[in-house]
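Structure, as structure tokens:
Excluded from the calculations below are hydrogen atoms, water molecules and symmetry mates; all remaining heavy atoms, backbone and side chain alike, are included.
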Amino acid sequence: MYEAEFDGQGSRIRWTEAAGSRGDGGGEGAATVYVHGLGATSAVYHAHVAAHPALSGRRSLFVDLPGHGISDRPAGFGYALEDHADALAAALDAAGVRGARVVGHSMGGAVSVVLAHRRPDLVSGLVLTEANLDPAPPSAAASSSIAAYPEEQFVRGGGFAEVLGRFGSTWAATMRLADPLALHRSATGLVRGTAPTVRRMLMESPAERSFLQGTLSGELPGAAELVASGVRVIQAPGAGHNVMFDRPDVLAAAVAGGTVRGCGAPGPVPLPELAYGYGPGSVVVVHQG
């Protein structure tokens, strides 16, 4: 386990690593950094993806954001998307990482985009799984449901327990490890969003960018404009919001990079499956055969 101070008050962000055999420079040797979503932890959600044969030999970091998993949870911290991104930057600086491929799920995807915007030296590529791109998500969204509680009611008035019971055992297994105050402030930060928006930051980022959307989650709003800006939008057949559990093969293919092709483009794809093109000009990952 590794750690770094992130708030100037001695609080620590922590991560675990799987050592790679190809160094920490650019290209295929760049480190891969996994960032979890709201109420989750990185190793639980992503270690099995990093173990995929297509990703062997890569240095992998599984970072728990402040207030989550094994990281500290200071009461005076803001837990906005920018706060999380700066804490993540502190971890990568301490780890000596530059030009990483950052794999972010849900809130972690939004944090990853903000990180790339604020510290482009740290990020060469973004692989986002159903990341939050816009403020004010629908009221049924988990972040909106949590943020709808007054902070005191959520933290000490039974709101946290209600949410644990409402969203199912899979999410509750890691959410119960999160600090209720951090969870509420993180959800509030997602609802509030950023200026510019995460979507705008993503569209303007010079990093290599991929966005995965599970087919069970429906169409991705604004997919055409993402594609037009150079984002590779990939469908994960049969997957819901947790693509890494439903279709880890598709996520591993996207993280491996370089092996996807544009719609209608010739050439083999040396990875074992299967995301299909989403909108004009998007990428396709197909079965090798």
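- Without hydrogens or angle criteria, S143 side chain to V191 main chain gives no donor-acceptor distance under 3.5 Å.
- Looking only at side-chain heavy atoms (C-beta outward), F211 and L133 come within less than 4.5 Å of each other.
- Judged by distance alone, the side chain of Q213 and the main-chain N or O of G218 form a donor-acceptor pair under 3.5 Å.
- The main-chain N or O of G238 is found under 3.5 Å from a side-chain atom of T215 such that the two form a donor-acceptor pair.
- Taking a 6.0 Å sphere around CZ of R156, one finds it holds 12 or fewer heavy atoms contributed by other residues, nucleotides or ligands.
- Contact annotation: the side chain of H84 never approaches that of L115 to less than 4.5 Å [non-hydrogen atoms, C-beta and beyond].
- When side chains are defined from C-beta on, R209 does not count as touching L128, because their heavy atoms never get closer than 4.5 Å.
- In this structure a side-chain-to-backbone donor-acceptor pair under 3.5 Å is present from H68 to G39.
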Could you go through the side chain to side chain contact (heavy atoms under 4.5 Å, CB included) check for E208 and S124 one step at a time? CA-CA 6 Å; E208 180 181 310; S124 64; over 6 Å; no
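- Remark: F245 pairs with Y45, H48, T170, N242 by the side-chain contact (heavy atoms from CB on, under 4.5 Å) rule, at least two apart or across chains.
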I13 vs D7, test: side chain to side chain contact (heavy atoms under 4.5 Å, CB included). Steps then yes/no. CA-CA 9 Å; I13 184 170; D7 65 349; over 6 Å; no
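- In summary, R199 and D134 engage in a salt bridge, as defined by a charged side-chain N under 4.0 Å from a carboxylate O.
- With salt bridges taken as basic N to acidic carboxylate O contacts below 4.0 Å, one links R98 and D121.
- Side chain of T41 to main chain of T174: no donor-acceptor pair is present (N/O by atom type, distance under 3.5 Å, no hydrogens or angles).
- Within a 6.0 Å sphere centred on CZ of R73, other residues, nucleotides and ligands contribute more than 12 heavy atoms.
- A donor-acceptor pair under 3.5 Å links the side-chain atoms of W171 to the main chain of L38, judged by distance alone.
- Remark: side-chain polar atoms of S106 are not paired, donor with acceptor, to backbone N or O of G108 under 3.5 angstrom.
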Full working for side chain to side chain contact (heavy atoms under 4.5 Å, CB included) between F6 and D83: CA-CA 9 Å; F6 66 85; D83 297 324; over 6 Å; no
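- Although no hydrogens or angles enter the test, the distance criterion places no donor-acceptor pair under 3.5 Å between the side chain of S60 and the main chain of A18.
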Check the pair L81 / V113 against side chain to side chain contact (heavy atoms under 4.5 Å, CB included), numbers first and verdict last. CA-CA 10 Å; L81 291 172; V113 174; over 6 Å; no
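- Contact of the W15 side chain with the S42 side chain is not registered, since no non-hydrogen atoms from C-beta on lie closer than 4.5 Å.
- For the pair R119 and D86, the salt-bridge criterion is not met [side-chain N within less than 4.0 Å of a carboxylate O].
- Under the 3.5 Å distance criterion, the side-chain polar atoms of D93 are left unmatched by any main-chain donor or acceptor of A90.
- The pair E151-R185 meets the salt-bridge criterion, since a charged nitrogen lies less than 4.0 angstrom from a carboxylate oxygen.
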